[in-house]
Structures are given as C-alpha cells and as structure tokens.
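Below is one structure, written out as structure tokens; comments come after it.
Note that the structure is predicted; figures quoted are calculated from it, not measured.
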Amino acid sequence: MVSALAGAKDPKASYRWQKENGTVPSDASQARILLAHRAWMMVSDVDGEQVARQWFLGANPWLDEISPVEAIHQDRFKAVIDAAGAMSSGGYNG
C-alpha cells in the first residue's frame, strides 16, 4: 500500500526504502508518504487504527468514491486532508 500511494512503479519499493542502505524515495513520493501519515494520524487519533485502515482502503464519498490511497497517488492532497478532517470531526452525514 505504501508503494502504491507513493507512486512507485515497483510494489516492493517501500521495502527497499526502509533498509539502512536502501534506496531513497523521490521528493514526490516522500511528499505523498508524509501526507498519508498526516491523514492517518487525523483519523486514527479519533477513530482508532482499525477504522483508519478501512478508511484508507475504502471508497470515500469526499473523494468521489475512490480510496484515499488512490487520491494520494493522484496528488489530491488537499482533498485527502479535507476528507480526513471530515472523518475525524464526524462531518459526513451520508
């Protein structure tokens, strides 16, 4: 999931990034990862880790029914943060 949201073509890229002498993600990938962490914290702090996992993978009404992972991959940073804020504040009534 991390490789996908970061925009890496190789699904195992995130494993190499975490190794001590591994490759370093591009600036764009790093920005996506940092945004994902920020959104994760917003949702998990209020609703818990299980809800945050489901939120990241599920279709989302604030993101035109795509998952936050897909939206982050598309660089829709503001929309993702807005959706995380709405989720954590209970702003969705649908």
Original post:
Closest heavy-atom contact between Ser14 and Val2?
Top reply: CB-CG1, 3.8 Å

**OP:** Take Trp17 and Ile33, measure what side chain to side chain contact (heavy atoms under 4.5 Å, CB included) needs, and give me the verdict at the end.
**Re:** CA-CA 12 Å; Trp17 297 335; Ile33 293 166; 3.7 Å; yes

Original post:
Which residues satisfy the salt bridge (Lys or Arg N to Asp or Glu O under 4.0 Å) test with Lys78, sequence neighbours excluded?
Top reply: Asp82

Original post:
Does the side chain of Val24 reach to within under 4.5 Å of the side chain of Gln30, using non-hydrogen atoms?
Top reply: yes

Original post:
Which residues satisfy the salt bridge (Lys or Arg N to Asp or Glu O under 4.0 Å) test with Asp45, sequence neighbours excluded?
Top reply: none

Original post:
What distance separates Leu5 CG from Gln74 CD, expressed to the nearest 0.5 Å?
Top reply: 12.0 Å

**OP:** Could you tell me which non-hydrogen atom of Met87 sits nearest to which non-hydrogen atom of Val51, and how far apart they are?
**Re:** CE-CG1, 3.6 Å

**OP:** Report whether Tyr15 and Met1 are members of the same hydrophobic cluster (ILVMFWY, side-chain heavy atoms less than 4.5 Å apart, transitive linking).
**Re:** no

Original post:
Would Phe56 and Leu34 show up in the same hydrophobic cluster when neighbours are defined by side-chain heavy atoms closer than 4.5 Å?
Top reply: no

Subject >> Check: Ser29 side chain, Ala6 main-chain N or O, donor-acceptor pair, under 3.5 Å >> reply: yes

Subject >> 4.5 Å side-chain heavy-atom contact, Leu63 and Pro68 >> reply: yes

Original post:
Can you check whether Val80 reaches Arg38 side chain to side chain, under 4.5 Å on heavy atoms?
Top reply: no

Subject >> Residue pair His73 / Ile66, side-chain heavy-atom distance below 4.5 Å >> reply: no

Subject >> Separation of Gln18 CD from Thr23 OG1 (nearest 0.5 Å) >> reply: 10.5 Å

**OP:** Identify the two heavy atoms, one from Pro11 and one from Ser3, that lie closest to each other, and give their separation to 0.1 Å.
**Re:** O-OG, 3.0 Å

Original post:
When hydrophobic residues are tied together by side-chain contacts of less than 4.5 Å, even through go-betweens, does Leu57 share a cluster with Met42?
Top reply: yes

Original post:
Taking atom CD of Glu70 and atom CG of Asp64, what is their separation to the nearest 0.5 Å?
Top reply: 11.5 Å

**OP:** Taking all heavy atoms of Asn60 and all of Ala83, pick out the closest pair and write down the distance.
**Re:** OD1-CB, 4.1 Å

Subject >> Heavy-atom side-chain contact between Pro61 and Glu65 under 4.5 Å >> reply: yes

Subject >> Nearest heavy-atom neighbours spanning Arg53 and Trp40 >> reply: N-CZ3, 3.6 Å

